[in-house]
Each structure stands twice: as C-alpha cells, then as structure tokens.
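First the structure, in the form of structure tokens, and then the observations on it.
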Amino acid sequence: MKIHVNFPLQSLNSLNVPATTAEILLPASVNELFDLTREKSAKSYILGEGTNTLFCDVKAPTIIKPSLLGIEVTENDQYFSISVACAENWHNFVEFAINQGMYGLENLALIPGSVGAAPVQNIGAYGVEVGDFIDRVTWFDFAKQKLVDFTKAECHFGYRSSIFKQKLSGKGIITHVHFLLPKAWQRVVSYQGLNELRSSATAPEIMAKVIQLRQTKLPDPKHLPNAGSFFKNPIVSENTFNDLQQQHKTMPFYRQANGSIKLAAGWLIEQSGLKGVRQGGVGVHDNQALVIVNYESSQGKNIVAFAHLIQETVLKKFNIHLVPEVRFIACDGEIGHANKECQQ
Ligand code: EPU
C-alpha cells in the first residue's frame with residue numbers, strides 16, 4: 001500500500017485549507033485494506049475527494065484515502081445493476097450511466113465528490129436522493145477486518161444522513177456501492193427550475209438542465225474554494241413553522257412526509273443580512289448564501305469562526321440552530337461542533 005508522511009492536504013480539500021497529515025495511506029484494492037492495522041485505522045479519517053471536509057487545524061489526523069476503481073454492469077428484464085468502486089468520481093459515473101442509457105441519477109449530476117462518499121451523507125439534489133437507487137453497500141469493518149454488505153434498509157438513509165455518518169462513522173470504509181436502476185424510468189422534474197422542461201424531457205435533457213442550474217447557482221471550487229451547502233436545511237415542527245411564517249410570509253418551506261417542515265437555510269442566512277459578508281478571508285457566497293467561500297486560502301480555524309458567526313446570527317434572528325453539513329476534522333479526529341484548540 002502506498003504511504004506518504006508529512007503530506008500536505010491543501011489540494012485534497014475543495015475549501016483549499018492548508019493542513020498537513022503525519023501520514024496518508026492509499027489502499028488501492030480490497031486486499032490492501034487488510035494491511036490496515038486496527039490501531040491505525042481507528043484513529044484515522046477517511047477522505048474521498050475532500051469536497052465536504054473542513055480541516056479545522058493546521059495538523060490533520062492520519063488520513064486513509066482509498067483509491068479503488070472500477071464499474072461493473074449487469075442487467076435483467078427490469079433493472080440495471082451497477083457495482084461501482086468507491087474512488088470513482090461521482091459525476092463521471094453519472095455521465096457514464098446516462099450515456100449507456102441507464103437512467104435515474106440524472107438529477108444528481110455535477111455533485112462533487114466520490115462514489116464512496118455518496119451514501120455516507122445520502123447526497124441529494126433536485127428532488128432525488130442517492131439512497132433511492134442504492135441496492136447494497138459493501139463496507140470494510142476495521143475492527144472485524146472483514147467485508148460486510150448493508151442492504152438499503154440497513155443503510156438507514158435520511159436527509160443528508162446514513163448509518164455510515166452516524167453509528168459507523170470512522171469504523172470502516174465503503175469499498176463498493178451497488179446501484180439498482182429500474183428500466184421503467186420515471187423522470188423527476190417537480191423541483192423549481194426543472195419544471196421549465198417539457199413534460200417529455202429525456203434523462204440526458206434533465207442532466208443538461210441540472211448541470212446548467214448548478215453552474216449558474218453554485219461556485220466552482222476550482223475558482224472559488226467551497227464545499228457546496230455548508231449547513232443542512234433545518235427541519236422544524238409544525239408549531240415552530242407556524243410561528244415563523246406569521247412573521248415571514250415569503251419564507252420558502254417544504255412539507256415532509258412525517259408532518260415536519262424543512263426550511264431553506266440559504267434563505268435564513270440571506271434574511272439575516274449575511275449574503276456577501278466576509279471576515280478573515282472567508283465569506284458567504286454572493287449568489288447562494290448556503291455556500292461559504294474560502295476567498296484567500298484562509299486557515300480552517302477562520303472558517304470555523306465564520307461558521308459560528310453565521311450560526312449565532314441566524315439563531316438570534318430566527319431562533320433556529322443551523323447544523324453543518326460539512327464535516328469538521330480537527331488535529332485528532334472528527335468533532336461535532338468544532339471549537340476545540342489543537343493540543344499538538
Ligand atoms: N434561497 C435564498 N437565498 C439564498 C439561497 C437560497 O433565498 O441565498 C432560497 C431559494 O430562493 C429557494 C430556497 O432558498 O427558495 C432553496 O434554495 P435552492 O433551491 O438553491 O436549494 P437549497 O435548499 O439552498 C439544496 C441542497 C443542495 C441542492 C439544492 C437543489 C441542502 C443543504 N442543499 O439547497 O445541495 O443542490 O437543494 O436540490 O439540502 C449540497 O448539499 O452541497 C448541495 C448543493
């Protein structure tokens with residue numbers, strides 16, 4: 001297995017934060033995963049393409065960055081079954097599937113990151129979540145040193161959540177994701193922006209529209225370093241929603257199947273007067289307030305401080321606590337609410 005010491009991570013995280021790890025391990029096959037010692041893997045952070053990761057300190061923990069590649073397709077009368085190795089790029093895989101006539105993932109085009117990271121936070125966009133199309137996930141268990149298969153139900157997919165982000169966080173690595181795409185394809189064009197498409201829009205047309213929408217709204221990390229939506233959209237009770245709506249008639253909202261209500265964090269941040277605001281080389285994007293941009297290659301701690309400023313301002317104005325979607329990684333591992341000083 002390839003191993004590098006004192007390795008700079010700035011080019012491996014889309015927020016372009018300067019941080020260094022004492023050791024980065026790059027397993028390139030399932031066999032090489034068995035070479036990871038239990039001790040080392042227990043203390044490490046698993047990095048995909050670094051598009052949802054904030055290194056809070058100048059030092060990062062041991063990093064495991066799997067580089068398994070490969071796509072295998074089988075089919076029957078009803079479904080395409082596609083097994084994809086974790087280090088495949090998500091968007092390249094979506095394009096591959098659409099170009100081969102295997103539809104369903106078109107609404108998820110251009111989401112940054114790797115295939116292995118997709119189930120962890122159940123990536124979603126334009127009315128579709130990846131969990132809708134996952135049949136099974138293969139996971140390498142660090143403690144038991146063996147491969148385990150999780151069915152879709154066992155993955156506990158929720159809004160930007162799964163068992164891999166909750167109970168199993170840091171306890172293993174997703175090696176392969178197995179997708180099941182029904183041949184009886186159903187387009188999803190109800191989300192704002194896609195409803196401009198004609199009702200007979202094809203999957204390639206939907207993908208093209210999604211790409212166009214994302215390119216207009218979301219900054220390209222290559223030019224403006226960012227990690228997409230920094231916070232999750234908050235989900236509140238009917239009562240909280242009713243109180244808020246009385247004061248803010250134009251507030252966007254989405255009713256959930258269980259009766260709770262999802263609010264738009266970007267709207268809350270914008271209404272708190274933070275759109276375009278900058279501090280310490282970090283700022284709220286001018287077009288999409290849910291995106292924090294690292295304008296001046298600022299250190300992680302400045303992004304942490306800025307995220308806290310956003311949380312406090314929104315809390316004061318709306319009494320809503322915004323929870324980060326981005327994962328906060330300190331020198332000694334992942335932290336829930338980053339504000340810890342590095343002791344090293
Ligand atoms: N809005 C504002 N001001 C803003 C941003 C948004 O008022 O600065 C309002 C919009 O006008 C709209 C509502 O908020 O009424 C929702 O905005 P948008 O459709 O842009 O989507 P979002 O809720 O901000 C979510 C996902 C995105 C995903 C889009 C499209 C989360 C945290 N984010 O954003 O996912 O692409 O919907 O489906 O759920 C990501 O996770 O990194 C990501 C980009």
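We count residues from 1, following the sequence as given. Counting convention: from 1, in listed order, for ligands and their atoms alike.
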What is the ring orientation for [X] with [Y], classed by angle as parallel under 30°, tilted 30 to 60°, or perpendicular over 60°?
X      : Y      : answer
Trp90  : Phe179 : tilted
Trp267 : Phe318 : tilted
Tyr191 : Tyr254 : parallel
His176 : His178 : parallel
Phe164 : Phe150 : perpendicular
Phe7   : His4   : parallel
Phe241 : Phe253 : tilted

For [X], the ligand 1 atoms whose distance to one of its heavy atoms is below 4.0 Å:
X      : result
Lys217 : 19 (O), 20 (O)
Ala125 : 36 (O), 38 (O)
Tyr254 : 13 (C), 16 (C)
Phe231 : 32 (C)
Asn233 : 23 (O), 31 (C), 32 (C), 39 (O)
Gly228 : 42 (O)
Leu290 : 24 (O), 32 (C)
Pro252 : 15 (O)

Among all protein heavy atoms, pick the one closest to [atom] and tell me residue, atom and distance.
atom                    : value
atom 36 (O) of ligand 1 : Arg214 NH1, 3.3 Å
atom 14 (O) of ligand 1 : Ala264 CB, 3.2 Å
atom 29 (C) of ligand 1 : Tyr191 OH, 4.0 Å
atom 39 (O) of ligand 1 : Tyr159 OH, 2.7 Å
atom 26 (C) of ligand 1 : Arg160 NH2, 3.4 Å
atom 6 (C) of ligand 1  : Gln288 OE1, 3.9 Å
atom 1 (N) of ligand 1  : Trp267 N, 3.8 Å
atom 40 (C) of ligand 1 : Ser229 OG, 3.1 Å

Exam field: side chain Asp141 to backbone Gln145, donor-acceptor pair closer than 3.5 Å: no
Protein non-hydrogen atom found under 4.0 Å from atom 3 (N) of ligand 1: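 Within 4.0 Å: yes, protein heavy atom nearby.
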Sub-4.0 Å protein heavy atom near atom 10 (C) of ligand 1: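 Within 4.0 Å of atom 10 (C) of ligand 1, no protein heavy atoms are found.
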Ala289-ligand 1 polar pair, N/O distance under 3.5 Å: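 It does: an N or O of Ala289 is found under 3.5 Å from an N or O of ligand 1.
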Presence of salt bridge, Glu106 and Arg187, under 4.0 angstrom: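 Glu106 and Arg187: not salt-bridged.
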Pairing of Glu325 and Arg160 as salt bridge, 4.0 angstrom limit: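 Salt bridge: yes.
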Check against side-chain hydrogen bond (donor to acceptor under 3.5 Å, both in side chains), Ser162 and Asn122: CA-CA 7 Å; Ser162 74; Asn122 189 16; over 6 Å; no
Proximity flag Phe230 to ligand 1, non-hydrogen atoms under 4.0 Å: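 No, that is not the case, since the closest heavy atom of the residue is not under 4.0 Å from the ligand.
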Ser41-Ser44 side chain donor-acceptor pair, cut-off 3.5 Å: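 Not at all, the side chains of Ser41 and Ser44 share no donor-acceptor pair under 3.5 Å.
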